[in-house]
Number of protein chains: 2
Amino acid sequence: MTPSTILLVDDHPIVREGYRRLLDRVPHFRVIAEAADAAEAYKRYRETRPDLTIMDLSMPGAGGIEAVRHIRQWDRTARILVVSIHTRPVFVQQAFAAGSLGYVSKASGPSELLAAAAEVARGRRWVGQDVARDLALGQLDQGESALADLSAREFTILRMLIAGSAVDEIAEALHLSPKTVRNHHYAIKAKLGARTDLGLALAAARAGIDGSDV
Amino acid sequence: MTPSTILLVDDHPIVREGYRRLLDRVPHFRVIAEAADAAEAYKRYRETRPDLTIMDLSMPGAGGIEAVRHIRQWDRTARILVVSIHTRPVFVQQAFAAGSLGYVSKASGPSELLAAAAEVARGRRWVGQDVARDLALGQLDQGESALADLSAREFTILRMLIAGSAVDEIAEALHLSPKTVRNHHYAIKAKLGARTDLGLALAAARAGIDGSDV
DNA sequence: CCTCACGTCGGGCAATTTGCCCGGCCTCGC
DNA sequence: GCGAGGCCGGGCAAATTGCCCGACGTGAGG
C-alpha cells in the first residue's frame, strides 16, 4: 500500500502537534504540511496536494467549512476529513455539503480518528460514532431549526456575525462587497424570522450556535 | 532531579493523547493518570497525588475551574497548570482565584506548554505569552464585568432587549417614550463597549446574561 | 439544447435607526 | 443650598436597514 500524505489544519499548534504524533505512529501516514487558518490551508493544499486533509472546523477568519469548499473547488477529488468539537447535525450537514468526505468529533478516541483517516484517505465516507448518533437523533425531532434552510454562504456569514465580526470585516475576509454581506445578513434575518440583530443572536443561540464557534 | 508525575485532565481523548505523547518525550515527566471530567479528576488526584496536574478548562459538567477549586481544597499544595482555549482575563482570573499555578492558551506552541509544565511542577507561577497580552489589554479597556456599571434602569432595559423585546414594546411596558428607551439602549452599548446589537448580545452573554433570564 | 430554479453577487433608494449632542427634572448626600 | 448623577426626552446629521432590482453560474429536468 502506498503511503498517504497528509495536510493538517488546525489553529492550535498544540492540537496539531497531538495529531502529528498520533499519525506518525502509523507507518502508512505521513504528515507533510500544516496550516493554521483557511487561507493557509488552501495555499498549502495547492503546494502539496496531499492525499488526505484533516481539517478543524473552528478557526479564526473564514472557518474550516469555507476552507473545505475552497479546496474542493480547486480539486474535486480532494479527500478531506473534518474534525470538530461540534456534533450538531447542522455542522455535519454543512461540512458534507461543502465537500468533506468524513466527519469525526474531537471527543472521539484516537483509534476512531485513525480509522476515519484511513477510510477517507481511501476515498470512502466516514461519520463518527457520536456524530452519527446526533444526526440520527436530529432526524427524530423534526424541528429542523430553520438553520437548515440557510445556504452555505449564509451559514458562514451567520457564524462570523455571531462571532462578533463587523460586516466590513466579513466582506474583506471573504473577498466580497460589503453590500453582498449586508444582503446575506438581511436574508439570514428573514429566514430565521428575526427582526433585529439582537433577535438574530437569540434565534441563532436557540438553534444551537453560540459565539464560541467559527 | 526527581521525575514529576502528571495527571492529565481533558474531555477530549485525542487531546489527551497529544499531551501524553508530547510530555512523554521529556524524560523528566511521567504521565501517570488521565481524567475526562471534573469528578474523575478529583478522584484520580486523590488516588495518585501527582506532582503536576494539567487541566483543561472546558469540560462537561462542573468544568475545569471547579475541579481546580475542589482539588486545591483537599490539597493546598496541589500544583495545577490550566490549559484553555480562552485567553479572556475573566477566565484567567477565575482560574488563579481557584488556585491554579499556571495558565497557558491552547493556541501556544508545544515548547511553551513544556516550559509552563516545568515551572509549575517546581511550584512557580506561569502565565502564557498571549494570555499575558490579553490580561494587559484587559487592564486598559475599562470593562471587567462592566455590567456592574449599568444603572438599574439600564439593566432592566438590557434584560428586556436580550429577551427579544422591541424598543417600542419596552417603551410601552415601562411607560416611557421610545426615545428614552433608545437613549438607554445607546448608553448600554457604550458602557458595555459594544458597537452593534449583535455585539451587545455577545457582551451580555459573556457577562452572564442569557435570554433565559427575563 | 433549452429552460427553470436557485444560490451568489452586487446596485439603488427611501425609510428607519443610530450616534451624539442638548436641556430639564428629581433625588441623594454633603 | 448645591453639586453629582440618574432618569427622561428632543433634535438632527449620518449610518444602517428594508426591499427592490438585474446579472451570472450551475445543476436538474424536459
Side-chain angles (χ1 to χ4, degrees), chain A residues 38 62-63 65-76 90 93-99 146-162 164-204, chain B residues 142 146-162 164-204:
Chain A
I65 290 185
E66 278 303 312
V68 172
R69 199 191 322 282
H70 202 183
I71 290 174
R72 287 279 302 191
Q73 203 168 307
W74 185 74
D75 176 4
R76 296 299 300 265
V90 59
Q93 287 158 357
Q94 288 286 336
F96 274 99
L147 223 58
D149 283 358
L150 296 181
S151 71
R153 217 26 159 193
E154 288 164 353
F155 189 72
T156 300
I157 290 178
L158 171 60
R159 294 219 324 282
M160 298 182 74
L161 284 171
I162 299 293
S165 308
V167 167
D168 286 354
E169 295 167 9
I170 298 176
E172 196 184 351
L174 298 181
H175 305 294
L176 293 178
S177 155
K179 177 67 194 186
T180 298
V181 175
R182 193 174 88 66
N183 280 337
H184 281 301
H185 184 184
Y186 173 64
I188 292 167
K189 278 199 277 193
K191 283 190 180 176
L192 294 191
R195 242 190 19 66
T196 68
D197 279 353
L198 228 26
L200 181 61
L202 295 171
Chain B
Q142 82 289 16
L147 218 61
D149 283 357
L150 296 182
S151 72
R153 211 38 155 180
E154 288 164 352
F155 195 70
T156 301
I157 289 178
L158 171 59
R159 295 224 318 278
M160 298 183 74
L161 285 170
I162 298 294
S165 309
V167 166
D168 287 353
E169 296 167 10
I170 297 177
E172 196 184 353
L174 299 180
H175 306 294
L176 293 176
S177 156
K179 177 67 195 187
T180 299
V181 176
R182 193 173 87 65
N183 279 338
H184 281 302
H185 184 183
Y186 173 64
I188 294 167
K189 277 199 280 194
K191 284 190 180 176
L192 295 192
R195 249 189 6 69
T196 68
D197 278 355
L198 227 27
L200 181 61
L202 297 170

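We use all heavy atoms of the structure for the numbers below, so side chains are in, but hydrogens, waters and symmetry mates are not. This one's a predicted model, so the numbers in the text were calculated from it and none came from an experiment. In what follows, every chain begins at residue 1, and chains take the letters A, B, ... in the order their sequences are listed.
Every residue meeting the salt bridge (charged side-chain N to carboxylate O under 4.0 Å, His left out) condition with D75(A), not counting sequence neighbours, appears here in chain and number order: R49(A). Listed by chain and number, the residues in a side chain to side chain donor-acceptor pair (under 3.5 Å) with R69(A) are E66(A) (sequence neighbours excluded). Residues forming a side-chain contact (heavy atoms from CB on, under 4.5 Å) with T196(A) (at least two apart in sequence, or on another chain): L198(A). The ring pair (Phe, Tyr, Trp, His ring centres under 6.0 Å) check on H185(A) picks up nothing, with sequence neighbours excluded. Checked against side-chain contact (heavy atoms from CB on, under 4.5 Å), A187(B) has the following partners two or more places apart in sequence or in another chain: E154(B).
Within the structure, salt bridge (charged side-chain N to carboxylate O under 4.0 Å, His left out) pairs that include any residue of residues 171-190 of chain A comprise K189(A)-D197(A) (at least two apart or interchain).
dC8(D) atom C1' lies 16 Å from atom CD1 of I170(B), rounded to whole Å. In this structure, the OH atom of Y186(B) is 14 Å from the P atom of dT16(D), given to the nearest Å. The CG-P distance, from N183(A) to dA23(D), rounds to 16 Å in whole Å. Atom CD1 in I188(A) sits roughly 14 Å away from atom C1' in dT17(D) (whole-Å rounding). Straight-line distance from the CG atom of D168(A) to the C1' atom of dA15(D): 11 Å, rounded to whole Å.
Both K179(B) and L176(B) sit near DNA chain D, but only L176(B) has its closest nucleotide nearer the 5' end.
Annotation: the span from T180(A) atom OG1 to L174(A) atom CG amounts to 10.5 Å, rounded to 0.5 Å. If you take CD1 on I188(A) and CD1 on I162(A), they are separated by 8.5 Å, rounding to the nearest 0.5 Å.
Here S177(B) lies in heavy-atom contact (under 4.0 Å) with sugar-phosphate atoms only.
Read 5' to 3', the first and last nucleotides of DNA chain C with an atom closer than 4.0 Å to a heavy atom of chain B are dT18(C) to dC20(C).
Side-chain N or O atoms of S165(A) include none that pairs as donor or acceptor with a backbone N or O of I170(A) at under 3.5 Å.
At a cut-off of 3.5 angstrom, counting only N and O atoms as typed in the model, there is a donor on one side and an acceptor on the other between the side-chain of R182(A) and the base of dG18(D).
Where the helix from dC1(C)-dG30(D) to dC30(C)-dG1(D) starts and where it ends, the local axes point in directions that differ by 30°; five pairs per end, rounded to 10°.
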